[in-house]
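This chain uses plain numbering: 1 for the first residue, then up along the sequence. Heavy-atom basis, side chains included; hydrogens, waters and symmetry copies ignored.
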Amino acid sequence: MVALAAAAIVAGCTSTVSGVAQPSTTIPAGSPSAKGLSTLLVDPADFPARYEAIVLPAQAVSMAAPDLTGVPQGAVVDPADCAPPAQDYGPTGTVMAVGTDNASRSTISVELTRTDTPLGDLAEQTKRCGEVTVTDSGAESTVTTETTPAPPVRADDTLALRRTVRSGAGSDKVTQSMVTLIAQVGDVRVSATFMSFGDAKADTVALDEVFTAAVQKVQNS
């Protein structure tokens, strides 16, 4: 149900909202860290035409971003040490652009976050936490995650994940499938996630295209 709610937020947004740049006084002006995340985010026009894309308003990011991990804010994760790292969902910590293919009910989400944590820590956690149980407001789901071959882009480090979230039972059963490509560029983490419901095949061609554009924009900024 959380996944459906996040999808509804994406579908209901009709405007692009830019954040306010927050330059650092201690970082060289030519590095990505010296610029506000909103200026580094890929443009909606860079999504394939069938994915109607928007930049999420700040208030929607805090709901849409956790949905991509299968763990809503405030949910209980078992084992507890498999919970996603704490994240700043403010405009200086996380920004997102989302493209929606209404015909297939699938999305491609690009997320930029500030983090000093090595990407390798996420890879290690994924290996330890291949399957977890998530409880949110009494509803239980199973989240299965595995690493796949890393994307070949120029970055400090890269990672790829395949994740499935299963919840409900019988006619209320919901399966949310995701493929996520991640790159670390300085302290900016770039991730692109294809998300679908049911047995829809991941659109890896479009995902690769958007991810590459997103990483290149950070690299070139």
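- The cluster map of Ile, Leu, Val, Met, Phe, Trp and Tyr, joined by side-chain heavy atoms under 4.5 Å apart, puts L181 and L159 in different clusters.
- Panel note: side chain D172, backbone G168; no donor-acceptor pair is recorded below 3.5 Å.
- Taking 4.5 Å as the limit, some side-chain heavy atom of F211 sits within range of a side-chain heavy atom of V153.
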side-chain contact (heavy atoms from CB on, under 4.5 Å) for L119 and I182? Distances and angles first, verdict last. CA-CA 9 Å; L119 188 54; I182 310 172; 3.7 Å; yes

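- Looking at heavy atoms from C-beta onward, V188 lies in side-chain contact with L37 at the 4.5 angstrom threshold.
- At a cut-off of 3.5 Å, with distance as the only test, no side-chain donor of Q87 or T113 sits close to an acceptor on the other residue.
- Contact annotation: the side chain of V179 approaches that of L207 to within less than 4.5 Å [non-hydrogen atoms, C-beta and beyond].
- Summarising the geometry of P66 relative to T69, their closest heavy-atom pair is O-OG1, 2.8 Å, with the distance given to 0.1 Å.
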Would you check, one step at a time, whether the test side-chain contact (heavy atoms from CB on, under 4.5 Å) holds for L40 with S38? CA-CA 5 Å; L40 303 176; S38 62; over 6 Å; no

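- Looking only at distances, a side-chain donor or acceptor of Q73 sits under 3.5 Å from a matching main-chain atom of S62.
- Across A214 and V110, no two heavy atoms sit closer than the pair CB-CG1, 3.8 Å.
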List the steps and the verdict of side-chain contact (heavy atoms from CB on, under 4.5 Å) for V143 and E131. CA-CA 6 Å; V143 181; E131 182 172 303; over 6 Å; no

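- Looking only at side-chain heavy atoms (C-beta outward), D67 and M195 come within less than 4.5 Å of each other.
- Across every non-hydrogen atom of I108 and F194, the tightest pair is CG1-CD1, 3.9 Å.
- By the criterion of side-chain heavy atoms lying less than 4.5 angstrom apart, applied directly or through intervening Ile, Leu, Val, Met, Phe, Trp or Tyr residues, L122 is not grouped with V165; the two fall into different hydrophobic clusters.
- Residue R50 forms a side-chain hydrogen bond (donor to acceptor under 3.5 Å, both in side chains) with just one option from D203, T100, N102, and that option is D203.
- The closest donor-acceptor contact from the side chain of D187 to the backbone of R114 lies at 3.5 Å or more, if one exists at all.
- For A206 against Y51, the heavy-atom pair with the smallest separation is CB-CE1, 3.8 Å.
- Summarising the geometry of L68 relative to M178, their closest heavy-atom pair is O-SD, 3.2 Å, with the distance given to 0.1 Å.
- Side-chain contact between P118 and D121: present, with at least one pair of heavy atoms (C-beta onward) separated by less than 4.5 Å.
- Checked by atom type, the side-chain pair T145/R163 shows a donor-acceptor distance below 3.5 Å.
- Between D43 and K217 there is a salt bridge, since a side-chain N of the basic residue sits under 4.0 Å from a carboxylate O of the acidic one.
- Considering only heavy atoms from C-beta on, E140 comes within 4.5 Å of T133 through its side chain.
- Judged by distance alone, with hydrogens and angles left aside, the side-chain atoms of T193 form no donor-acceptor pair with the main-chain N or O of S109 at under 3.5 Å.
- For the pair V174 and R166, the minimum side-chain heavy-atom distance is 4.5 Å or more.
- Proximity of Q216 to V42: side-chain heavy atoms (C-beta onward) are nowhere separated by under 4.5 Å.
- Smallest separation of non-hydrogen atoms from T117 and Q184: O-OE1, 4.4 Å.
- Proximity of a side-chain donor or acceptor of Q219 to a complementary backbone N or O of R154 within less than 3.5 Å is detected.
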Between T126 and L161, is a side-chain contact (heavy atoms from CB on, under 4.5 Å) present by the stated rule, with each step listed? CA-CA 9 Å; T126 301; L161 306 174; 3.8 Å; yes

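- Between the side chain of T212 and the backbone N or O of E209, no donor-acceptor pair lies under 3.5 Å.
- Taking CZ from F197 and CD from Q176, the interatomic distance works out to 5.0 Å, rounded to the nearest 0.5 Å.
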